[in-house]
Every structure is written in structure tokens, then in C-alpha cells.
Amino acid sequence: MGILEGKKGIIFGALNDKSIAWKAAEAAVREGASIVLTNTAMAMRFGTVNELAEKCNAPVIVADATNVEDLSNLVEGAMEHFGGKFDFVLHSVGMSPNIRKNVPYEELNYDFLSKTLDISAISFHKLIKVLYAKDALNDAGSIVALTYIAADRTVAGYSDMADAKALLQSITRSFGNIYGRRNGVRINTVSQSPTMTSAGQGIAGMDRMFEYADKLSPLGNADAADCADFLVMLFSDYTRKVTMQNLYHDGGFSSMAASQEIL
């Protein structure tokens with residue numbers, strides 16, 4: 001019997017089998033959960049989400065995470081599918097037009113910045129607001145979002161995504177206090193190692209960043225499957241008293257200054 005036996009949840013952001021969200025969906029189902037998958041219409045066209053849906057026996061509800069009406073329809077659709085409230089949500093959503101178009105940080109396009117913040121951080125507030133208003137989560141439910149150490153320390157090339165991740169972590173703390181007091185719902189972020197997802201590979205210098213982090217980390221980089229296992233624990237009852245935290249899942253990278261391997 002898995003640690004998520006009988007639990008139900010929504011997984012945002014699975015694109016293909018390189019995605020952390022994809023691995024998280026597989027791990028959640030392996031541990032006994034029933035899930036609903038969601039992504040944008042564009043991601044549905046360019047990704048392979050339907051393959052994952054078939055494998056996990058999960059419906060796919062198309063939704064734009066920046067659109068409150070879409071999020072409302074998604075949550076209502078999930079509640080209808082599950083026959084009531086559910087237990088966990090993974091927010092694995094992020095994109096920067098500035099990074100995609102190679103706009104340097106000192107020359108940010110502010111229209112692009114607004115889109116970065118809306119997609120990568122404010123969407124999290126919108127999602128939690130909808131969940132809270134509809135009382136969609138069971139007591140002691142769990143909401144988790146993916147972040148990166150660039151929210152806390154400067155990482156060259158991560159550009160305005162660092163600003164978005166810092167906002168994401170602030171939303172986690174602010175809404176964690178509110179939702180925790182009413183329903184015991186936990187809200188946390190996971191700061192993952194550099195991971196060779198489709199989105200990650202679009203960041204300039206990602207190969208060198210990955211190699212550097214792997215050498216600096218005593219345990220090496222955590223991959224997408226490792227992260228999925230950690231997420232499953234955060235969805236489970238084993239972490240009922242963990243909330244408003246940014247949890248480093250990075251092989252020890254966040255505690256290192258130098259290692260013999262890079263000196």
C-alpha cells in the first residue's frame with residue numbers, strides 16, 4: 001500500500017517525460033493516488049500529455065494557469081471527477097519571454113517581465129485563491145510549487161525568473177498562514193537542483209550550470225525522478241506539520257561554498 005493510497009490531486013505542467021511534473025504524476029499514481037492532469041492548450045499540442053494521461057488513467061483538463069476562469073473550471077472539473085474535495089496540488093509552471101528572447105537582465109522588456117511574473121508566480125496566487133474560495137482541498141491538504149535557488153542567490157543567466165521565484169516563495173508564506181489556520185492546508189516550495197527538463201535546457205549556460213552544481217553538491221544533482229519522490233512525501237500525511245517552507249532538494253548544493261572537485 002502506497003503512502004498516497006486514497007488521496008486525490010491535480011498535477012500542473014507535465015509536458016513530456018523529461019518534466020518533473022510528469023515524473024511526479026507517475027510517482028503519485030505509483031503510491032496509490034488518483035490524479036487530474038492540466039496544462040495549456042499550446043502545451044497539449046506540442047507535448048505528449050495524453051500519453052501520460054493514458055498511463056495514469058487520469059483525465060486532462062486544459063487550463064491557462066494565469067486565467068482565473070480557467071482555474072475555476074479546472075477545480076470544479078476535478079471536484080466533479082473525484083466526487084468531492086481532493087488532497088494535493090503541484091504547481092509546476094514557469095516561463096520567461098525575456099529568457100526565451102535572450103534579453104539581458106539589465107535591459108528587461110517590462111511587458112515580458114509582467115508575463116514572466118504572471119505565469120511563474122502570480123498564477124500560484126490565483127490558483128490558491130480559487131482553491132481557498134471553493135474550499136476544494138480536504139483538511140491538511142498539501143500545495144507545492146517548484147522553485148530554484150536563484151530566488152535567494154544570484155545565478156547568472158536566470159534573469160527575471162529569479163524575481164518570479166522570489167515572489168512565488170513570498171506567496172507561499174503569505175497564503176500558507178491563511179490557509180493553514182483555516183483548514184490545516186500546507187503550502188511549500190521545493191528548490192530543486194538544475195534539472196534537464198525541456199524548460200531548463202532553454203536557459204543559457206544550463207549545461208555548465210548543471211555540471212558546476214553536480215560537482216559542488218556532496219550527493220550530486222537530484223534528478224526529476226528524485227524530485228518526484230520528494231514531492232510525493234510532501235503530498236503525504238508524513239509532512240502534515242511542514243508548511244510555509246522553501247525546502248532545498250539539491251544534493252546539498254545550497255549549503256556549500258566550495259568543494260575539492262571545483263578548486
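Only this structure's heavy atoms are used, side chains among them; waters, hydrogens and symmetry mates stay out. Residue indices begin at 1 and follow the sequence shown.
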Any [X] side-chain heavy atom under 4.5 Å of [Y] side chain:
| X | Y | answer |
| --- | --- | --- |
| F235 | E31 | no |
| M44 | N50 | yes |
| I128 | V185 | no |
| I99 | F112 | no |
| P194 | Y148 | yes |
| N73 | I61 | no |
| T116 | M161 | yes |
| S159 | L108 | yes |

Is it the case that one hydrophobic cluster holds both [X] and [Y], taking links as side-chain heavy atoms less than 4.5 Å apart, direct or via other members?
| X | Y | answer |
| --- | --- | --- |
| L90 | I143 | no |
| V103 | I119 | no |
| I20 | L52 | yes |
| V60 | L127 | no |
| I187 | V242 | no |

Closest contact, heavy atoms only, [X] versus [Y]:
| X | Y | result |
| --- | --- | --- |
| I171 | A121 | CD1-O, 3.5 Å |
| S123 | A65 | CB-O, 3.2 Å |
| C227 | L146 | SG-CD2, 4.1 Å |
| T195 | A224 | CG2-N, 3.9 Å |
| D64 | L71 | O-CG, 4.2 Å |
| V232 | A28 | CG2-N, 3.8 Å |

Donor + acceptor pair across side chains of [X], [Y] (<3.5 Å):
| X | Y | answer |
| --- | --- | --- |
| N138 | D87 | yes |
| S191 | N246 | no |
| N177 | R181 | yes |

Indicate yes or no for a side-chain donor-acceptor contact from [X] to the backbone of [Y] under 3.5 Å, with no hydrogens or angles considered.
| X | Y | value |
| --- | --- | --- |
| R240 | G184 | no |
| R186 | L234 | yes |
| S114 | Y110 | yes |
| S19 | A21 | no |
| T66 | D118 | no |
| T239 | M233 | yes |
| S217 | G252 | no |
| N221 | D223 | no |
| E51 | V49 | no |

Kindly write out the residues that satisfy salt bridge (charged side-chain N to carboxylate O under 4.0 Å, His left out) with [X], not counting sequence neighbours, or none if the list is empty.
| X | value |
| --- | --- |
| E211 | K215 |
| D135 | K85, R182 |
| D229 | R30 |
| E261 | none |

Task: Over 12 non-hydrogen atoms of neighbours within 6.0 angstrom of CD in Q260 - done: no
How many angstroms lie between atom [atom1] of [X] and atom [atom2] of [Y], to the nearest 0.5 angstrom?
| X | Y | atom1 | atom2 | value |
| --- | --- | --- | --- | --- |
| L167 | T147 | CG | OG1 | 10.5 Å |
| D214 | D250 | CG | CG | 11.5 Å |
| D160 | L117 | CG | CG | 7.0 Å |
| R173 | L168 | CZ | CG | 10.0 Å |
| F175 | L131 | CZ | CG | 9.0 Å |
| D226 | L231 | CG | CG | 11.0 Å |

TODO: Write out all pairs satisfying ring pair (Phe, Tyr, Trp, His ring centres under 6.0 Å) with one or both partners inside residues 58-86, taking only residues at least two apart or from two chains.
DONE: F82-F86
Pairing residues for [X] by the side-chain hydrogen bond (donor to acceptor under 3.5 Å, both in side chains) criterion, not counting sequence neighbours:
| X | result |
| --- | --- |
| S120 | none |
| N39 | none |
| Y105 | D163 |
| E26 | W22, K55 |

All N/O donor-acceptor pairs, side-chain side in residues 2-15, below 3.5 Å, sequence neighbours left out:
| unit_1 | atom_1 | unit_2 | atom_2 | d |
| --- | --- | --- | --- | --- |
| K7 | NZ | D237 | OD1 | 3.1 |

TODO: Go through the structure and list residues passing side chain to side chain contact (heavy atoms under 4.5 Å, CB included) with Y212, not counting sequence neighbours.
DONE: L216, F253, I262
TODO: Please assess T48 against D17 for the test side chain to side chain contact (heavy atoms under 4.5 Å, CB included), listing each intermediate value before the final yes or no.
DONE: CA-CA 8 Å; T48 53; D17 61 6; over 6 Å; no
Open item on the list: Run the ring pair (Phe, Tyr, Trp, His ring centres under 6.0 Å) test against Y179 and tell me which residues pass, sequence neighbours left out.
Closed with: Y132
- [ ] Starting from the C-alpha separation in whole Å, work towards a yes-or-no answer on side chain to side chain contact (heavy atoms under 4.5 Å, CB included) for I35 and F88.
- [x] CA-CA 9 Å; I35 62 170; F88 63 87; 4.0 Å; yes
